[in-house]
Amino acid sequence: MKKKLTIHHMTLLETICACALLVLLMTSIIFFFLKTTKLNKNITQSAFANQQILLLKQNWRNFIHNTPSANFAIKDNNTKITSGSYSATFKDRSIIFITKNNKTSSLKLSKRIRITFSEEHVENQHLLIMNIHLQSSSFSKTNEETIRIVTCLEAIKNSNKYIQTQSNTLFFSE
Amino acid sequence: MRIPPTSQKNLKISYFTILEIAVALMILAILATSFFAAVHNMNKITKRTIIESRAILILDNTLERLMQLPDRDPKKIKLIFNDEFSKSSIVNKKSITKICGIRKNTLNISIQKNSKTIAEVNINL
């Protein structure tokens, strides 16, 4: 007996169910793809910003501690600090340090970073502060975070007391 | 086109059973859940790393200011640490706490997140 070849047609209900499942699947795939891409971008940006903060911290403290005079003046809408011929200026996404004999060093920064300088007198301490304004964007909003890099004018004299050990643990010993 | 009788006999169209579809959907759901959990975890780790680096910067600023002190007065050290913490960007986060205490002639200043230390400094008095 011959077996008859039949083609199965989907019913309307089956088609609707299949379409709904497909839409759900495609939406979740696109959502996860966008979320992962955004997250990846944020992680890379924050790692890059951290590296730049470390570099800025080192350069800023070296600049202040190597300046012979303690008379600092903050100018140009808090974007420039000078002491005699020494100066640090934030301009066009770069920070330019001018030190002894007009030796110039420049650091190109990310477009999300803006720098201002300020001065504080707290508890008989003269502090010079580099404020790093870091822009971070999440899914819908843009936030600005301010990170302080403090430099104490007299700190270098006692710097031999400072020993750094582990990444998260710092010891202060004789 | 005519199909030879022998092959006509063997020709069989198979459909997915409801059990097969259910198993496939279940595997898909498990994969999606684990992927979502991984992404969520990655987000959490990123935030934690950012907070840790900010906490280290607070302690670094505190140490920079401590260099100027002629003596290691615990009261002054606490004041400086509190000042630096209050001016930092992580001060408004509810899960972040600062701890300052003396233990065996050592002043311990630390920053904790959900009662877990993320950065600390031990100062010999």
Side-chain angles (χ1 to χ4, degrees), chain A residues 1-8 21 25 28-29 31-32 35-36 38-40 42-43 46-47 49-50 53-54 57 61 120 122-127 129 132 134 136 144-162 164-174, chain B residues 3 5 8-13 15 21 25 28-29 32 35-36 38-40 42-43 45-47 49-50 52-70 72 76-77 79-80 83-84 87-90 106-107 109-111 117-125:
Chain A
M1 200 175 85
K2 276 185 189 176
K3 197 174 183 181
K4 205 178 176 185
L5 180 69
T6 55
I7 296 170
H8 175 77
L21 269 174
L25 202 71
S28 39
I29 287 169
F31 172 75
F32 280 136
K35 200 175 161 82
T36 318
K38 187 84 185 170
L39 189 65
N40 201 6
N42 282 351
I43 291 170
S46 70
N50 273 344
I53 290 165
L54 283 178
K57 187 184 85 177
R61 287 195 178 150
E120 277 179 23
V122 193
E123 308 270 334
N124 297 326
Q125 288 187 315
H126 183 196
L127 308 175
I129 299 149
I132 303 169
L134 182 69
S136 60
E144 193 177 88
E145 184 189 1
T146 303
I147 299 152
R148 279 160 54 91
I149 307 287
V150 174
T151 308
C152 215
L153 280 177
E154 298 292 314
I156 197 75
K157 289 176 187 171
N158 303 315
S159 64
N160 57 345
K161 288 179 184 174
Y162 172 74
Q164 185 167 342
T165 53
Q166 297 162 26
S167 59
N168 282 17
T169 312
L170 302 159
F171 283 92
F172 197 68
S173 64
E174 295 286 3
Chain B
I3 301 165
Q8 262 187 2
K9 215 174 190 178
N10 295 332
L11 194 65
K12 197 180 167 189
I13 295 172
Y15 300 105
I21 292 171
L25 282 176
L28 210 70
F35 183 73
F36 185 76
V39 170
H40 181 72
M42 218 154 76
N43 208 358
I45 290 168
T46 314
K47 281 179 185 165
T49 312
I50 291 170
E52 268 182 22
S53 68
R54 301 296 178 265
I56 291 170
L57 271 179
I58 294 171
L59 296 183
D60 197 50
N61 284 340
T62 308
L63 282 178
E64 172 74 16
R65 289 176 64 178
L66 294 190
M67 301 294 176
Q68 201 193 28
L69 294 181
R72 292 171 191 175
K76 279 183 188 169
I77 296 172
L79 268 175
I80 289 173
D83 183 47
E84 278 304 318
K87 285 170 183 169
S88 74
S89 57
I90 58 170
T106 304
L107 180 73
I109 52 176
S110 64
I111 296 168
T117 304
I118 50 173
E120 71 171 341
V121 171
N122 293 309
I123 301 160
N124 297 331
L125 297 172

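The figures that follow rest on heavy atoms only: side chains count, while hydrogens, waters and symmetry mates do not. Numbered from 1 within each chain, the chains take letters A, B, ... in sequence-line order.
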- Item | Nearest atoms (heavy-atom pairs only) where B:T46 meets A:S46 | CG2-OG, 4.2 Å

- Measure distances from A:L127 to the heavy atoms of chain B and classify the residue's part below 4.5 Å as side chain, backbone, both or neither. side chain

- Side chain, backbone, both or neither: which part of B:L79 has an atom under 4.5 Å from a heavy atom of chain A? side chain

- Indicate the atoms forming the closest heavy-atom contact of B:L69 with B:I80, along with that distance. CD1-CD1, 4.0 Å

- Note on the structure: Counting heavy-atom pairs under 4.5 angstrom with chain B, the leader among A:Q125, A:K57, A:E145 is A:Q125

- Top of B:A32, B:S53, B:S110, B:A55 for chain A proximity - count of heavy-atom pairs under 4.5 angstrom: B:S53

- Tell me, side chain or backbone of B:L107 under 4.5 Å from chain A's heavy atoms, or both, or neither? neither

- Message: If I take atom CD1 from residue B:I56 and atom CG from residue B:N61, how far apart are they, to the nearest 0.5 angstrom?
- Response: 12.0 Å

- Task: Drop me the distance from B:I111's CD1 to B:L59's CG, to the nearest 0.5 angstrom.
- Result: 4.5 Å

- Is it the side chain or the backbone of A:E120 that comes within 4.5 Å of chain B heavy atoms, both, or neither? side chain

- Message: Show, in sequence, the C-alpha distance, side-chain angles and deciding distance for B:R54 and B:I118, and conclude whether the side chain to side chain contact (heavy atoms under 4.5 Å, CB included) test is met.
- Response: CA-CA 10 Å; B:R54 301 296 178 265; B:I118 50 173; over 6 Å; no

- Non-hydrogen atoms of chain B under 4.5 Å away: do they reach the side chain of A:I147, the backbone, both or neither? side chain

- Task: Output yes when a side-chain donor or acceptor of B:R72 lies under 3.5 Å from a complementary backbone atom of B:N124, and no otherwise.
- Result: yes

- Item | B:D60 backbone acceptor or donor facing B:R65 side chain under 3.5 Å | no

- Of the backbone (N, CA, C, O) and the side chain (C-beta and beyond), which part of A:I149 lies under 4.5 Å from a heavy atom of chain B, both, or neither? both

- Contact part of B:I90 toward chain A, heavy-atom cut-off under 4.5 Å: side chain, backbone, both or neither? neither

- Is chain B contacted by the side chain of A:I129, its backbone, both, or neither, given a heavy-atom distance below 4.5 Å? neither

- Message: Can a donor-acceptor pair be found, under 3.5 Å and without considering hydrogens, that links the side chain of B:E64 to the backbone of A:C152?
- Response: yes

- Message: For B:L25, which atoms come within 4.5 Å of any heavy atom of chain A: side chain, backbone, both, or neither?
- Response: side chain

- Message: I'd like to verify something: which residue of A:T36, A:N50, A:T146 has the highest number of heavy-atom pairs under 4.5 Å with chain B?
- Response: A:N50

- Message: Minimum heavy-atom separation for B:T62 and B:I58, please, with both atom names.
- Response: OG1-O, 2.7 Å

- Who wins among B:K76, B:M42, B:E84 for the most heavy-atom pairs under 4.5 Å with chain A? B:E84

